[in-house]
Amino acid sequence: GDLAHGDVSGAYTKAPHRRGRTFARIPKRHRPQWWNESFYDPVVEVLMALYGEESADADWQTYRDEKMKEIGWTKLKASVFQKTYFEKYSHKKVIATIYTDDFLLGGSFDKIWEAYEEIDSVLGFSPNTKDDEPFIGIRLSPVQRDGQTAAIFLDQGHLARALVERYKKDIGVSVLR
């Protein structure tokens, strides 16, 4: 088997805002110049899910699930991961594990790239997603045995090291004791 990772570009802003009418003020620095000249305190209606807004996660998940169903994917029964918002789909002998807008596809090389293109066509993966990019901060490395993937090695060491380095910089030290 093989793995592919896709990160949906601007996921929340693709999903309709579904929880009643919501309005927002746009900070001056984000307004077109003509707004500052024409309006005193402009307020706009939020039509799409807005990251950080209370219903945004649910709006995105509903939209994502609808799109996956439209292209023939079947949501598997709840797994132990459901509390951490992983969801699995099965289609064409490919498993898609999803954390919010990050997809990890597993299966045969040909099938996962076919599935990747199919999901990309309806949800739009970021062109900046790299094959070796960590999936939600976890590096996944296939372990080969007799030409087959026998296991997947999970590594978050790079993330832990980066967090320690950031902490040292924040507190102004070069060595932790």
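Values reported hereafter were calculated over all heavy atoms of this structure, with side chains retained and with hydrogens, waters and symmetry mates removed.
Atom CZ in R18 sits 13.0 Å away from atom CG in L47 (nearest 0.5 Å). Of the inter-residue distances, the one linking T97 atom OG1 with D102 atom CG reads 11.5 Å to the nearest 0.5 angstrom. Distance check, rounded to the nearest 0.5 Å: CD of Q33 to NZ of K28 gives 9.5 Å. Note that CD of E114 is 11.0 Å distant from CD1 of I119, once rounded to the nearest 0.5 Å. Rounding to the nearest 0.5 angstrom, the gap separating the CE atom in M68 from the CG atom in D65 is 8.5 Å.
With a 4.5 Å cut-off on side-chain heavy atoms, E53 and Y12 do not count as touching. Side-chain contact between Y63 and L123 is present, with at least one heavy-atom pair separated by less than 4.5 Å. Here the side chains of W35 and V44 are in contact, with some heavy-atom distance below 4.5 Å. Counting heavy atoms from C-beta outward, H17 and L50 have side chains that stay 4.5 Å or more apart.
When hydrophobic clusters are built by joining Ile, Leu, Val, Met, Phe, Trp and Tyr residues whose side-chain heavy atoms come closer than 4.5 Å, directly or via intermediates, F23 is not grouped with V46. Note on Y51: it clusters hydrophobically with F103, by side-chain heavy-atom contacts below 4.5 Å among ILVMFWY residues. No continuous path of ILVMFWY side-chain contacts below 4.5 Å connects V122 to M48, so the two sit in separate hydrophobic clusters.
Among R64, K14, R19, the one residue that satisfies the side-chain hydrogen bond (donor to acceptor under 3.5 Å, both in side chains) test with D59 is R19.
For E165 and K168, the salt-bridge test passes: some basic side-chain N is under 4.0 Å from an acidic carboxylate O.
Using modelled atom types, one side-chain atom of W60 and one backbone atom of T100 make a donor-acceptor pair closer than 3.5 Å.
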Side chain to side chain contact (heavy atoms under 4.5 Å, CB included) between V94 and Y116: does it pass, once the steps are laid out? CA-CA 10 Å; V94 173; Y116 182 97; over 6 Å; no

### Task
Determine, stepwise, if the pair F125 / V8 fulfils side chain to side chain contact (heavy atoms under 4.5 Å, CB included).
CA-CA 4 Å; F125 289 133; V8 176; 3.9 Å; yes

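In plain terms, the two heavy atoms of A96 and L105 that are nearest each other are CB-CD2, 3.3 Å. Contact record, W73 with E118: NE1-OE1, 3.0 Å, taken as the closest heavy-atom pair. Taking all atoms of both residues into account, the shortest heavy-atom contact from D101 to A11 is CB-CB, 3.5 Å.
Residue E54 qualifies as open at atom CD: its count of foreign heavy atoms under 6.0 Å is 12 or below. No more than 12 heavy atoms of other residues, nucleotides or ligands shown are found within 6.0 angstrom of OH on Y167.
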